[in-house]
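A note on names: the letters A, B, ... follow the listed sequences, proteins ahead of strands, and every chain is numbered from 1.
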Amino acid sequence: MLKYDFGKIEKKWQKYWREKKIYEPDLKSAKRPFYNLMMFPYPSAEGLHVGNMYAFTGADIYGRMKRMQCYDVFQPIGLDGFGIHSENYALKIKAHPMEQAKVSEKRFYEQLQVIGNGFAWDEKLETYDPEYYKWTQWIFVQLFKRGLAYRAKAPVNWCPSCKTVLADEQVITGRCERCGTLVERKELEQWFFRITKYAEKLLENLEKIDWSERVKIAQRNWIGKSEGASIKFSISSSQFSIKEIEVFTTRPDTLYGATFMVISPELAKEWVDAGWEAPEEVKKHVAEALRNRGEEQKEKTGVFSGISAINPATKKEIPVWVSDYVLAGYGTGAIMAVPAHDERDWEFAKKYKLPIVEVVEPLFVKTDDIDGVRPGLLLKERDAVVAVVKHWAEDKYLCLKWKKTDWRGFIVGGIEKGEDMAEAAAREIREETGYKSAKFVRDLGGIVHALFYHAVKNENRWARFHGLYFELADGKREEIADEENQIHDVVWVDKKEVDRFLDWVTDMRLIWHRASNPDDFPGRSALHESSRVSEQGILTRSGKFDGMSAEEAKWKITDFVDGKRESHYRLRDWLVSRQRYWGPPIPMIHCDKCSWQPVPEEDLPVILPKIKDFQPKGKGESPLASDKSFYETKCPKCSGRARRETDVSDTFLDSAWYYLRYPSVKEKNAPWNKETTKKWLPVNLYTGGAEHSVLHLLYVRFLALALHDEKLLEFGKSPAPHGEPFPKFRAHGLLIKEGAKMSKSKGNVVNPDEYIKRFGADTLRMYLMFIAPFEQGGDFRDSSILGVARFLERVWKVGVAMENPPGEDPDPALTRILSQMIKKVTEDIEDLHYNTAVSALMIALNDIEARTPVNFYHQTLARADWESFLKLLAPFAPHITEELWEKLGNKNSIHKEKWPEYDLKLIREETFDLIVEINGKHRATISVSRGTSEKEASNVALNEEKIKSLLAGVKIKKTIFVKDRLINFVV
RNA sequence: GGGGAUGUGGCGGAACGGCAGACGCGCUGGCUUCAGGAGCCAGUGGUCGCAAGACCAUGAGAGUUCGAAUCUCUCCAUCCCCACCA
């Protein structure tokens with residue numbers, strides 16, 4: 001076998017690319033700037049992970065195609081080297097982070113060289129470079145000056161093992177994201193960024209940016225908007241200064257069912273501090289609860305506070321409890337408890353025997369499918385009902401609306417033709433509701449379907465039925481309404497609306513079945529199964545709101561008790577300070593007289609000193625706090641003695657703006673050059689891992705939006721939402737190994753070096769892309785890489801043969817095949833479907849080989865077609881294609897060549913395979929010319945022997961014809 | 001508990017609502033080779049059949065459709081993210 005020397009070739013071209021700077025766009029005068037960005041890695045010094053390479057290669061392929069499509073592609077790389085990852089690694093191997101960073105840097109850049117990406121090396125950056133973090137600090141100062149950075153004492157997440165505070169985002173189920181230790185709550189003074197100010201904007205803009213849907217959903221959930229009302233409850237026994245309790249609720253419609261209140265231990269403590277003389281057991285409970293905060297979910301516990309409040313709707317006195325199931329950080333730290341309609345309140349009420357009052361009755365709807373008739377019912381408003389019935393034979397739907405004011409629930413039923421309607425109704429109602437007394441409308445004959453309703457009046461339940469029937473069989477209908485029920489409209493509606501409606505009915509049917517579960521009390525289960533349904537429920541025991549739909553009552557009740565309609569967000573301010581060593585010092589100075597002052601801009605950067613003892617201390621202080629020469633300084637305002645902030649900032653701040661620095665790394669006087677930024681931003685395509693859905697990707701957006709609003713930043717490109725840095729983001733999937741997640745503990749981490757040594761970077765790149773769709777992730781298996789290695793060997797074989805003088809009559813079929821492939825590969829790369837693009841290249845090569853005697857490719861394969869093939873392959877295997885391109889006598893890099901174009905006419909074949917189906921089953925395939933009409937196709941098909949015999953003696957009812965594709969005979 | 005995703009041969013995975021299983025791995029047989037390996041040729045979802053072919057197959061069940069892996073609903077399984085958010 002002809003082995004190509006990938007080691008030599010790859011080295012040769014990597015050197016060439018670097019020297020000729022073929023991946024360096026002209027940042028000043030580029031005509032068609034395309035910023036292709038990939039998330040930069042944090043160097044862990046164990047070297048580049050194959051997962052990094054997977055991500056980079058995927059992004060690189062896209063960039064390479066764009067470059068060949070005549071864009072000025074800018075594809076920078078750097079290192080996210082500051083932060084806890086790198087620091088912990090240094091601690092582990094007992095190295096100084098500052099020295100270790102240099103080691104990691106070297107190793108990473110070497111590795112990044114050999115994977116063959118088109119990086120713009122001249123613009124590389126490292127977050128721990130003072131030239132870089134000078135501006136990270138500058139950003140901090142700007143935010144501080146504009147009130148977007150503030151210092152506050154707050155309960156924070158404290159990791160006792162890492163000895164630092166963590167952002168909420170870094171706490172996973174009560175444990176530290178990094179080391180898994182249980183996180184404690186501590187009260188500390190910390191620096192925050194006011195990201196909550198942007199909650200609404202961050203949410204809104206999600207609708208306008210082109211991102212992987214799963215990432216958008218994650219962000220939406222993280223921001224966690226809920227609409228509700230804030231309502232005040234006054235305290236009846238006002239023994240101390242607190243006179244009222246404010247709560248936030250998303251269900252103000254259930255206010256009449258609020259039978260008690262619960263406050264969080266934190267709030268209780270606040271009250272105590274404000275002078276509340278709480279009973280001993282309350283104090284005990286609070287102390288204990290506060291100690292246990294952050295622990296895993298456990299059974300709810302609580303104590304009665306001895307205080308009572310007034311329910312503003314019922315004016316009744318209700319007890320106030322203290323319990324740890326109420327969180328301090330969300331809403332007001334106090335809730336109104338509606339045990340009938342909230343799972344947690346229900347549990348609590350059951351445990352402590354508190355009253356439960358049901359105030360929303362579910363809407364019972366049932367449908368049946370009998371005799372082809374599909375009845376249904378839709379509740380539109382409080383006092384109008386719409387029913388839709390499908391005609392059993394024709395494709396028609398009947399839509400009926402009528403008004404009624406005194407009902408509570410509806411039942412829709414179908415009955416058999418000829419069955420006595422009254423009997424059916426009686427049976428149905430008794431079975432479904434258990435209501436015994438009923439009055440029935442008599443059957444008047446010819447009934448195919450009927451609708452009923454029953455009304456239920458609070459405790460004193462009664463049911464009455466009203467029948468509406470119509471004759472569908474002969475197309476006539478008869479409508480009957482009694483004196484109370486007026487039919488308002490009868491209209492035919494279109495199918496789409498009916499389909500939507502029927503889906504709704506199906507949902508309701510499910511709810512019905514759940515609701516009829518005799519457990520607990522009626523309604524509870526139904527209401528908790530789906531908030532959507534509970535809001536479709538009807539109010540009861542709610543004074544003048546009885547009978548109103550919950551949805552409507554929501555805001556009416558809010559108004560009634562002087563509540564405020566409000567939106568709350570789960571998102572909380574970004575905690576940016578870290579009591580660690582390996583980060584950019586926060587550029588703030590504290591003076592006893594002048595309070596907090598930012599370091600003057602001309603004094604930046606505040607250099608991180610190289611200190612010996614960089615171990616975290618665990619006192620809530622950074623190791624820098626033991627370095628006098630660092631923290632002793634003068635107040636920039638009064639020049640008095642002052643103390644420098646010794647905390648450093650979160651790594652996520654470093655990575656929240658790196659993309660702005662890349663095009664401007666050579667700018668000395670500003671974090672980003674105005675013109676360059678206008679020209680190159682926002683980023684055209686951002687690629688990275690979905691694991692950064694909420695952390696990094698939210699922070700970056702926040703910062704860009706804020707900098708825009710403060711007029712510190714201006715993007716010039718693209719019509720994307722103002723200030724959004726990444727109008728298009730694609731998350732790649734996770735690469736696993738033989739079915740398991742790669743992890744050091746399992747020892748199954750794939751080291752790319754090893755594979756590059758064995759197979760070459762081209763093979764590894766292409767294999768990674770071939771495994772599975774890029775956005776899905778894939779399973780790395782050693783055995784499968786051989787297929788790609790073989791493919792490249794064969795490419796080499798053909799390429800070597802193509803050095804010979806071309807033959808006289810190349811095969812036109814190959815030209816067509818290659819043209820089809822151009823289309824396929826171009827579209828696949830655009831969609832990031834690299835696996836199928838690779839497959840298309842393999843098919844093309846198979847065809848080339850199949851149509852040519854071995855080693856005589858130059859005679860049948862047109863040179864231009866081979867050049868196209870190489871160009872299409874170039875993004876995947878940049879080295880081998882460059883070498884073969886040179887072998888053809890070309891002087892310039894293939895990566896600067898123009899991407900091949902295809903001729904639609906050439907792709908189109910004159911004939912196609914007509915699929916002949918009988919009743920949708922494939923029976924024959926006939927080759928006919930393109931554009932064949934239905935009539936011709938039908939004739940050809942019916943003359944086919946096989947079809948003839950299959951259709952002998954049967955009548956064709958209908959023929960379905962899809963042009964240039966198939967013909968289907970329905971018999 | 002909530003949210004999201006995914007279920008197709010022995011495996012990774014293909015398939016604008018229109019020939020299910022492209023491409024690759026693996027496997028089987030043959031050629032070649034001292035041998036190992038590699039290469040080349042043929043085959044490879046299941047059942048029945050000498051064959052032509054027929055039937056069955058995309059987690060299970062229903063629905064829509066002339067026609068469903070694909071759209072809708074229910075259930076099951078697996079994975080990921082979040083988790084007492086009122």
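For A:Asp345, the side chain to side chain donor-acceptor pair (under 3.5 Å) partners at least two apart in sequence or on another chain are A:Tyr325. The side chain to side chain donor-acceptor pair (under 3.5 Å) test applied to A:Ser839 returns no partner, not counting sequence neighbours. Residues satisfying the salt bridge (charged side-chain N to carboxylate O under 4.0 Å, His left out) test with A:Arg220, not counting sequence neighbours, are A:Glu207, A:Glu213. With sequence neighbours excluded, the residues satisfying side chain to side chain donor-acceptor pair (under 3.5 Å) with A:Ser230 are A:Glu246. Evaluation of the side chain to side chain donor-acceptor pair (under 3.5 Å) rule for A:Thr826 yields A:Trp899 as partners, not counting sequence neighbours. A:Glu200 is linked by a salt bridge (charged side-chain N to carboxylate O under 4.0 Å, His left out) to A:Lys225, counting only residues two or more places apart in sequence or in another chain.
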Point to revise | Pair A:Phe876-A:Phe791, ring-ring contact (aromatic ring centres under 6.0 Å, His included): steps then yes or no | key: CA-CA 12 Å; A:Phe876 297 92; A:Phe791 169 77; 9.7 Å; no

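At whole-Å resolution of the value, CD1 in A:Ile335 and C1' in B:rC84 are 10 Å apart. Atom CD of A:Glu213 and atom C1' of B:rG3 are 13 Å apart (whole Å). Straight-line distance from the NZ atom of A:Lys554 to the C1' atom of B:rA86: 12 Å, rounded to whole Å. Residue A:Met821 contributes atom CE, which lies 19 Å from atom P of B:rA14 at whole-angstrom precision. Spacing between atom CD of A:Glu775 and atom P of B:rG13 amounts to 15 Å, rounded to whole angstrom units. Rounded to an integer number of Å, the gap from CZ of A:Arg781 to C1' of B:rG10 is 11 Å. The nearest whole Å value for the distance from the OH atom in A:Tyr54 to the C1' atom in B:rG12 is 12 Å. Rounded to whole Å, the distance from CG on A:Asp828 to P on B:rA14 is 10 Å.
As rounded to the nearest Å, B:rG17 and B:rG2 have C1' atoms that lie 33 Å from one another. If you take atom P in B:rA77 and the same atom in B:rA83, they sit 25 Å apart, rounded to whole Å. Between B:rG59 and B:rC48, the two C1' atoms lie 26 Å apart (nearest whole Å). With C1' as the reference atom, B:rG21 and B:rC31 are 29 Å apart, rounded to whole Å. B:rG37 and B:rC76 have their P atoms separated by 50 Å, given to the nearest Å. Nucleotides B:rC16 and B:rG7 are separated by 14 Å at their P atoms, to the nearest Å. Taking the C1' atoms as reference points, B:rA15 lies 47 Å from B:rA86, given to the whole Å. Rounded to the nearest Å, the gap between the P atom of B:rU8 and that of B:rU70 is 13 Å.
Base orientation at B:rG9 is syn, since its O4'-C1' glycosidic dihedral falls within 90° of 0.
Taking the ring centre of A:Trp211 as origin, the terminal cationic atom of A:Arg730 falls outside the region bounded by 6.0 Å and 45° from the ring axis.
Within 6.0 Å of NZ in A:Lys823 there are 12 or fewer heavy atoms belonging to other residues, nucleotides or ligands. Atom NZ of A:Lys232 has 12 or fewer neighbouring heavy atoms from other residues, nucleotides or ligands inside a 6.0 Å radius.
When the nearest nucleotides of RNA chain B are assigned to A:Gly333 and A:Ile771 by heavy-atom distance, the more 5′-ward of the two goes with A:Ile771.
Judged by distance alone, the side chains of A:Asp913 and A:Thr925 never bring a donor and an acceptor atom under 3.5 Å apart. With no hydrogens or angles considered, no side-chain donor-acceptor pair links A:Asn311 and A:Tyr256 at under 3.5 Å. Checked by atom type, the side-chain pair A:Asn846/A:Arg794 shows a donor-acceptor distance below 3.5 Å.
The aromatic rings of A:Tyr330 and A:Phe248 sit perpendicular, their planes meeting at an angle over 60°, well past the 30° parallel limit.
In terms of modelled atom types and a separation under 3.5 Å, the side chain of A:Ser938 and the main chain of A:Glu934 share no donor-acceptor contact.
Proximity of the aromatic rings of A:Tyr767 and A:Tyr755 is defined here by a centroid distance below 6.0 angstrom, and this criterion is not met.
With salt bridges taken as basic N to acidic carboxylate O contacts below 4.0 Å, one links A:Lys824 and A:Asp828.
The list of ring pair (Phe, Tyr, Trp, His ring centres under 6.0 Å) pairs with a residue in residues 833-853 of chain A, not counting sequence neighbours, reads A:Phe774-A:Tyr834.
Closest contact between the side chain of A:Arg214 and the listed nucleotides B:rC66, B:rA86, B:rG4 involves B:rG4. The side chain of A:Thr250 approaches B:rA86 more closely than any other nucleotide in the set B:rA14, B:rC82, B:rA86.
Within 4.0 Å (heavy atoms only), A:Thr959 reaches no atom of the nucleic acid at all. Using a 4.0 Å heavy-atom criterion, one finds that A:Ala772 contacts the sugar-phosphate atoms exclusively.
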All N/O contacts under 3.5 Å from nucleotides 53-55 of chain B to the protein, with atom names and distances to one decimal?
from	atom 1	to	atom 2	distance (Å)
B:rA54	OP1	A:Lys946	NZ	3.2
B:rC55	OP1	A:Arg923	NH2	3.4
B:rC55	OP2	A:Arg923	NH1	3.4

Study note, to complete from the structure: Protein-proximity profile, nucleotides 28-33 of chain B, B/S/- by nucleotide at the 4.0 Å heavy-atom cutoff, equals ------

Exercise for review: Go along nucleotides 15-26 of chain B 5' to 3' and tag each nucleotide: B for a protein heavy atom under 4.0 Å from its base, S when only backbone or sugar atoms are that close, - otherwise.
Suggested key: -B-BB--BBSSS

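Listed by residue number, A:Arg570 are the residues of residues 563-570 of chain A with a heavy-atom contact under 4.0 Å to RNA chain B.
Between A:Gln776 and B:rG12 there is no side-chain N or O to OP1 or OP2 distance below 4.0 Å.
Remark: RNA chain B takes part in the stems B:1-7 with B:76-82, B:10-12 with B:23-25, B:26-31 with B:39-44, B:45-48 with B:53-56, B:59-63 with B:71-75, each of 3 or more antiparallel Watson-Crick or G-U pairs, criterion distances under 3.5 Å.
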